[in-house]
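Excluded from the calculations below are hydrogen atoms, water molecules and symmetry mates; all remaining heavy atoms, backbone and side chain alike, are included. Chain letters run A, B, ... following the sequence lines, proteins first, then strands; residues in each count from 1.
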Protein chains: 2
Amino acid sequence: MSDTPEPSGPQASQEPSLDEQIAAYQREFRDLDPQVEKVVSALGRLNRRMNVAYGRQVADLGISNAEWEVLKTLVLSGAPYRLGPGELAKRLGLTPAAMTHRIDRMAGEGLVTRDRDENNRVRVIVELTDEGRQKWLEAMRMATAFEEELLQDLSAEERGSLGEMLIRLLRRVELTQPDAGGRLTDLD
Amino acid sequence: MSDTPEPSGPQASQEPSLDEQIAAYQREFRDLDPQVEKVVSALGRLNRRMNVAYGRQVADLGISNAEWEVLKTLVLSGAPYRLGPGELAKRLGLTPAAMTHRIDRMAGEGLVTRDRDENNRVRVIVELTDEGRQKWLEAMRMATAFEEELLQDLSAEERGSLGEMLIRLLRRVELTQPDAGGRLTDLD
DNA sequence: GCATCGAACTTTAGGATCGAAGTCTTCAGG
DNA sequence: CCTGAAGACTTCGATCCTAAAGTTCGATGC
């Protein structure tokens, strides 16, 4: 008795640091470029953390991250803030079925309205309500404050070059991944 | 008939370009720093695209992105590639309940085994099988090839400075967002 | 006009996740 | 020993998403 006191068991503890993680990968996979891996892993982690942060903030407004996405998309479409479910689904990377339900909820909460198009009754028009627009505005204020805080350690020059490099990566990924109607699912 | 031929309806078409998107936000929200927004939006989009790309690649191996996450976590833990469901859940940002089901599936597919700990029968040990390790290796090969391709337009110097800046952002977000046991849900 | 085709949404069935409520095991006392 | 408390999963019920099968309306051809 008392000869398995502890730490050989499956209990480690926390997410490893980025450097630890990269070192571990290198042990398991010889030809790994640590510089590349550093960029990629940092990107993934940063995004996860940011999404958690956004989610917390909009939750204080009583909306979910998913609902905020819809509000953003409608506002981006410009006044009068109207889009069809199909178009919304395409931009958000959801199936039309999921869009139907999400709009149901949001209409129930008064964030959007859902009406048949007068001129083409097979179409539906989703329109932002004033309340929805207000929520978007509040969320936007919180988001920009957070983003400003996030970037506080970077000079204007650094911000510029960071943005420029990210856009170059984005262009490259769009080139090599033609996005065949792509689902935007899952996270890293 | 034929007086509502078309394009005033809610049908626009595709995701706007980054610059269009930022311009639209500025119209709707005056005090927006375009430079900050550019960095943040590019980050979000880049990540979405990358996750779609990863998902496609591992799908060719017959596994889901979710399963690949588990494989990665087990490999990262080092030989003998064992972790408990609770620890896995914590590292992956899932609830223990979701972990139970995910392990079920993966055990059924032969990617992992699930056994009771001999020394402490309340614990469960999830261990990577050879097949699971093989899958991880193949996924890793595809992933690194993709990542190398993604970064091909950046010089070694640029890669370094990009990684360094991202890590600075990561540190900042970890400071301001203490990650209270955080769910890592949702995407942007 | 009327039947067919296609477009745009909705409904249905199944999978995955979360939060909360068990269940089983171990450990500390009495 | 037996009881109570805590830990580690698992089960349960509700939610949200996907894929596939409807529905409904509009456009075309005859």
Side-chain angles (χ1 to χ4, degrees), chain A residues 1-6 9-13 52 55 59 63-67 69-70 82-109 112 114-126 181-187, chain B residues 1-7 9-13 52 55 59 63-70 82-90 92-109 114-126 181-187:
Chain A
M1 56 317 309
S2 72
D3 125 313
T4 54
E6 33 71 39
Q11 254 47 246
S13 70
V52 172
I63 65 179
S64 69
N65 230 332
E67 289 172 328
E69 296 295 326
V70 177
R82 290 181 192 161
L83 287 174
E87 181 61 23
L88 274 170
K90 203 173 354 173
R91 298 202 193 184
L92 291 173
L94 296 177
T95 59
M99 210 58 239
T100 293
H101 297 311
R102 202 182 273 194
I103 292 167
D104 276 350
R105 269 173 278 145
M106 293 181 70
E109 296 165 344
V112 301
R114 171 218 240 113
D115 291 296
R116 292 254 157 218
D117 184 332
E118 289 303 322
N119 301 322
N120 186 336
R121 303 192 35 71
V122 85
R123 286 190 175 159
V124 169
I125 299 179
V126 178
R183 283 295 70 76
L184 305 178
T185 40
D186 240 327
L187 46 150
Chain B
M1 62 310 307
S2 72
D3 128 309
T4 54
E6 34 69 41
Q11 254 47 245
S13 70
V52 171
I63 65 178
S64 68
N65 229 333
E67 290 171 328
W68 187 36
E69 295 296 327
V70 176
R82 289 180 192 163
L83 287 174
E87 182 61 23
L88 274 169
K90 202 173 356 174
L92 291 172
L94 297 176
T95 58
M99 209 59 239
T100 293
H101 297 309
R102 203 182 272 191
I103 292 167
D104 275 350
R105 268 174 278 145
M106 294 182 68
E109 295 165 344
R114 171 218 240 113
D115 292 296
R116 292 253 156 220
D117 185 332
E118 290 303 324
N119 301 322
N120 185 339
R121 302 191 35 69
V122 84
R123 286 188 175 161
V124 170
I125 299 179
V126 178
R183 284 297 68 76
L184 306 178
T185 41
D186 238 328
L187 46 150

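Distance D104(A) CG to dT11(C) C1': 11 Å, rounded to the nearest Å. Here dT11(D) presents its P atom at 15 Å from CE of M99(B), a figure rounded to the nearest Å. Put simply, CZ on R123(A) is 12 Å from C1' on dG6(C), counting in whole angstrom units. In this structure, E87(B) places its CD atom 14 Å from C1' of dC9(D), rounding to the nearest Å. The separation between K90(B) atom NZ and dT17(C) atom C1' is 20 Å, rounded to whole Å. Following rounding to the nearest Å, I125(A) (CD1) and dA8(C) (P) show an atom-to-atom distance of 13 Å. If you measure from atom CG of L88(A) to atom C1' of dA8(C), you get 13 Å, rounded to the nearest angstrom. Distance CG (N65(B)) to P (dT17(C)): 12 Å, rounded to an integer number of Å.
Of the candidate nucleotides dT18(D), dC9(C), dT17(C), dT18(D) has the atom nearest to the side chain of L94(A). Side chain of A97(B), nearest nucleotide from dC9(C), dA19(D), dG19(C): dG19(C). Of all nucleotides listed (dT11(C), dC9(C), dT17(C)), dC9(C) comes nearest to the side chain of V124(A).
Taking R114(A) as the reference, D104(A) meet the side chain to side chain donor-acceptor pair (under 3.5 Å) condition, with sequence neighbours excluded. D115(A) meets the side chain to side chain donor-acceptor pair (under 3.5 Å) test with no other residue; sequence neighbours excluded.
At a threshold of 4.5 Å between non-hydrogen side-chain atoms, the residues R102(B) and L92(B) count as touching. Looking at R91(A) and L83(A), their side chains come closer than 4.5 Å, going by heavy atoms from C-beta outward.
Comparing R114(B) and A98(A) by the nucleotide of DNA chain D whose heavy atom lies nearest to each, the residue mapping closer to the 5' end is R114(B).
Counting any heavy atom pair closer than 4.0 Å across all strands shown, P85(B) reaches sugar-phosphate atoms only and no base atom.
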Polar pairs (N or O, both sides) under 3.5 Å between protein and nucleotides 23-29 of chain C?
from    : atom 1 : to      : atom 2 : distance (Å)
dT26(C) : OP1    : R121(B) : N      : 3.1

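Contact annotation: R102(B) side-chain N/O to dC9(D) OP1/OP2 distance is not under 4.0 Å. The shortest distance between the side-chain N/O atoms of R105(B) and the OP1/OP2 oxygens of dT17(C) is below 4.0 Å.
Residues V126(A) and V112(A) come closest through the heavy atom pair CG1-CB, 3.9 Å. Smallest separation of non-hydrogen atoms from E67(A) and E109(A): OE2-OE1, 2.5 Å. The shortest heavy-atom contact between V124(A) and P85(A) is O-CD, 3.4 Å.
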